[in-house]
Amino acid sequence: MSARAVRFYDEHPSPATLRDEVLQGLGAHPKRIAPKFFYDERGSRLFDAICELPEYYPTRTEMAILRGCAPEIRQLAGPNCMLIELGSGASRKIRLLLETLRPRRYLGIDISREFLLESVERLAQDYPWLEVHAACADFSRNLDLPDCHGTERKLAFFPGSTIGNFEPYEALAFLQHIRRLLQPDGALLVGVDLKKDPQILHRAYNDNQGVTAAFNLNLLERLRSELGAKLDPRVFRHRAFYNAKAGRIEMHLVSQHAQEICIDGRRFRFKAGESIHSENSYKYSVAEFHALARRAALQPVRVWLDPERLFSVHYLSVAAACPPYIL
Ligand code: AVJ
């Protein structure tokens, strides 16, 4: 099969979006830039490298959970569904589901255009029986589906604890929105990182090889190459720590000394030690996430954990009652 088999919908945010959001974020107190901007092509590759790190447990743990629960998911979702993947990235996890679920249609949505295209083309080649669609979009802003669905049951897959990037109130709004898309009989399969010993969290975001640091610092390279920002990335350091009160990992780019950076003729002053807050990664207990899901009128049907209780995969359904074929 050729690459033409993929139906592609391009809603990639414009460079103006990046500029507007960055200028706004750097003008705020404290300074911040949203983590979705990590994922240019190099950032997506660095994130892939993070997923292979010994310290970064979420990816392999979620994969192991999915391998175990895929048959049950098939029972819950039934055959011939439409599988929608949010933040599909390298699309490795989805393969576990595709093989067991045998959906009719697949739609991958991601903000990283080249990366998305490459991976969905590989999917189309490897699964010739699958109708493959891809949409390049910022799903944190615009989650309207392209017009590529029929009446089949929709199963959305939101892996990797990307939901942890949202503030809890944003996560709630996001779940409410997904729920509308999945009506009337769809379900959401979502990977959520669990609260745990902060030491384990700390190691996962401060790896020995410095890949996470490179991933964080790549944001500054992006500001230079895409926005023509005048700044010296070497003046910034990666910092990640667990904020126990908020229940989240925070990543920052810390300015080592007082400086000014310049974008589009606008100057942003940094004090020594001042940072750009580049990511939050919220961690949820199972009970906390269930409460959030219920507030979005999503019904927790099943949750799977690994034996060490590092990570969780939730199956949440739109319909309040269990679908008849699993009774
Ligand atoms: C893609 C948001 C799930 O929070 O663990 C990995 C991103 N940042 N290392 C996470 C990330 C630093 C990741 N998510």
Side-chain angles (χ1 to χ4, degrees), residues 32-63 65-66 85-94 108-112 115-116 119 138-140 157-168 170-171 174-175 188-222 236-243 246-254 275-284 289 306 310-314:
R32 56 182 151 75
I33 296 179
K36 64 188 173 191
F37 294 120
F38 284 136
Y39 301 93
D40 64 351
E41 197 166 358
R42 177 158 185 268
S44 297
R45 290 196 198 287
L46 283 166
F47 180 65
D48 247 26
I50 288 175
C51 294
E52 305 285 324
L53 292 169
E55 297 97 333
Y56 194 73
Y57 61 86
T59 311
R60 61 172 179 278
T61 308
E62 186 178 36
M63 294 275 273
I65 295 171
L66 288 170
E85 189 180 21
L86 302 163
S88 49
S91 298
R92 259 193 291 280
K93 292 167 186 164
I94 201 73
I109 307 179
D110 202 282
I111 195 167
S112 187
F115 210 71
L116 170 68
S119 52
D138 174 1
F139 56 72
S140 73
F157 179 45
F158 193 24
S161 203
T162 303
I163 195 159
N165 274 167
F166 293 127
E167 293 297 319
E170 295 170 323
F174 190 72
L175 291 176
L188 171 66
L189 187 65
V190 52
V192 184
D193 199 13
L194 293 169
K195 289 212 162 103
K196 60 180 63 64
D197 177 356
Q199 276 297 326
I200 298 176
L201 289 169
H202 184 87
R203 277 196 293 273
Y205 293 84
N206 291 280
D207 65 281
N208 280 330
Q209 298 168 54
V211 184
T212 309
F215 172 72
N216 197 7
L217 289 159
N218 180 56
L219 192 55
L220 300 171
E221 295 295 346
R222 232 194 136 175
F236 289 90
R237 291 278 178 280
H238 162 73
R239 177 162 186 246
F241 60 91
Y242 185 63
N243 177 339
R248 69 190 189 207
I249 283 280
E250 292 186 17
M251 293 219 306
H252 293 260
L253 290 157
V254 186
S275 72
I276 304 172
H277 187 175
S278 53
E279 182 165 49
N280 282 325
S281 186
Y282 280 88
K283 312 301 173 188
Y284 292 89
F289 198 76
D306 58 297
L310 295 172
F311 201 88
S312 61
V313 175
H314 292 257

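Not measured: the values here are computed from a predicted model. Both counts, for ligands and for their atoms, begin at 1 and track the order of listing. Just so you know, these numbers use all the heavy atoms, side chains as well, and skip hydrogens, waters and symmetry mates.
- Side chains of K196 and Y57: a donor on one and an acceptor on the other come within 3.5 Å.
- You'll find the ring centres of F139 and F158 inside the 6.0 Å limit.
- Here the two rings, on H238 and F215, have centers that are 6.0 Å apart or farther.
- Looking only at atom types and distance, the side chain of T212 has a donor-acceptor partner in the side chain of D207 under 3.5 Å away.
- Here the heavy atom of the protein found nearest to atom 4 (O) of ligand 1 is S281 OG, 2.6 Å.
- Residues N218 and D40 bring a donor and an acceptor atom of their side chains to less than 3.5 Å of each other.
- Under 4.0 angstrom from ligand 1, the non-hydrogen atoms of Y205 all belong to its side chain.
- Of all atoms in ligand 1, numbered sequentially from 1 with element shown, those under 4.0 Å from a heavy atom of G160 are 3 (C).
- Here the protein heavy atom with the shortest distance to atom 13 (C) of ligand 1 is Y56 OH, 3.3 Å.
- Remark: ligand 1 atoms within the under-4.0 Å shell around heavy atoms of N165 are 2 (C).
- Atoms of ligand 1 lying under 4.0 Å from at least one heavy atom of S161, given by number and element, are 3 (C).
- Each of the following atoms of ligand 1 lies closer than 4.0 Å to a heavy atom of F215: 8 (N).
- Between the side chains of E250 and Y242, no donor-acceptor pair is found at a separation under 3.5 Å.
- Under a 4.0 angstrom heavy-atom cut-off, Y39 registers as being in contact with ligand 1.
- Using a distance-only test at 3.5 Å, with no hydrogens or angles considered, a donor-acceptor pair links the side chain of N206 to the main chain of H202.
- Atom 11 (C) of ligand 1 has E279 OE1, 3.5 Å as its closest protein atom, hydrogens excluded (heavy atom only).
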